[in-house]
Amino acid sequence: MRGLYLALGLVFAGLGIAGAFLPVLPTTPFLIVAAACFTRSSERLERWLLEHPRFGPTLHEWRERGAIPLKAKLLALAGTISGFLAIWLVADASPAILAYTALLIAAGLAYVFSRPS
C-alpha cells in the first residue's frame with residue numbers, strides 16, 4: 001500500500017504543481033491530497049510539501065483549521081463561472097446538462113465558501 005500511496009502522491013503533486021501554472025487546473029486540492037498520500041508513504045516528501053515556501057502555509061492552514069484562503073475562494077468562483085459560461089456559450093448542451101452543471105458548481109462553491117478563510 002505504501003507504494004500505491006507514494007505513486008498517487010507523486011501524481012497529485014505533479015497535478016498541483018502544474019495547476020500553479022495553468023489557469024484551468026486547481027493547485028491546492030491536488031496538493032492537499034498529495035500531502036495526505038505522502039503522510040502514508042514518504043515522510044521526506046510530506047515534509048518537502050509542508051515546508052515549501054509557496055504551498056506549505058496553505059497546507060498547514062488546511063490541516064489545522066480546514067481553512068481556504070480568500071484569494072483561493074475568489075479564484076474558484078471566477079474559474080467555475082468562466083467554465084460554466086464557456087459550456088453555456090460554446091457547447092451545444094441541453095438545458096438539463098446546463099442545470100446539472102450549475103447544480104454541481106453551486107454545491108462545490110457552497111462547500112468552498114463554507115470553510116474558514
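Residue pairs meeting the salt bridge (charged side-chain N to carboxylate O under 4.0 Å, His left out) criterion with at least one partner in residues 53-68, sequence neighbours excluded, are E46-R63, E61-R65. Screening residues 48-82 for ring-ring contact (aromatic ring centres under 6.0 Å, His included), with sequence neighbours left out, gives W48-H52, H52-F55.
For the atom pair OG1 of T28 and CG of L59, the computed distance is 7.0 Å after rounding to the nearest 0.5 Å. Here CZ of R40 is found 13.5 Å from CZ of R2. Values are rounded to the nearest 0.5 Å. Between the CG atom in L49 and the CD1 atom in I32 there is a gap of 11.0 Å [rounded to 0.5 Å]. Between the CG atom in L45 and the CG atom in L50 there is a gap of 11.0 Å [rounded to 0.5 Å].
Hydrophobic clustering (side-chain heavy atoms under 4.5 Å, transitive across Ile, Leu, Val, Met, Phe, Trp, Tyr) keeps L31 apart from L22.
Here R47 pairs with E43 under the side-chain hydrogen bond (donor to acceptor under 3.5 Å, both in side chains) rule; sequence neighbours left out.
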Name every donor-acceptor pair, under 3.5 Å, that has one atom in a side chain of residues 98-107 and the other anywhere in the protein, sequence neighbours excluded.
{"unit_1": "T101", "atom_1": "OG1", "unit_2": "I97", "atom_2": "O", "d": "2.8"}

Residues 80-92, side-chain donor-acceptor partners within the protein, below 3.5 Å, at least two apart:
{"unit_1": "T80", "atom_1": "OG1", "unit_2": "A76", "atom_2": "O", "d": "2.9"}
{"unit_1": "T80", "atom_1": "OG1", "unit_2": "L77", "atom_2": "O", "d": "3.1"}
{"unit_1": "S82", "atom_1": "OG", "unit_2": "A78", "atom_2": "O", "d": "2.8"}

Under 3.5 Å, sequence neighbours excluded: what are the donor-acceptor pairs made by side chains of residues 5-17?
none

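With T27 contributing its side chain and G19 its backbone, the two residues share a donor-acceptor pair below 3.5 Å. At distances below 3.5 Å, at least one donor-acceptor pair connects side-chain atoms of R115 with backbone N or O atoms of G66.
Looking at heavy atoms from C-beta onward, K71 lies out of side-chain contact with L74 at the 4.5 angstrom threshold.
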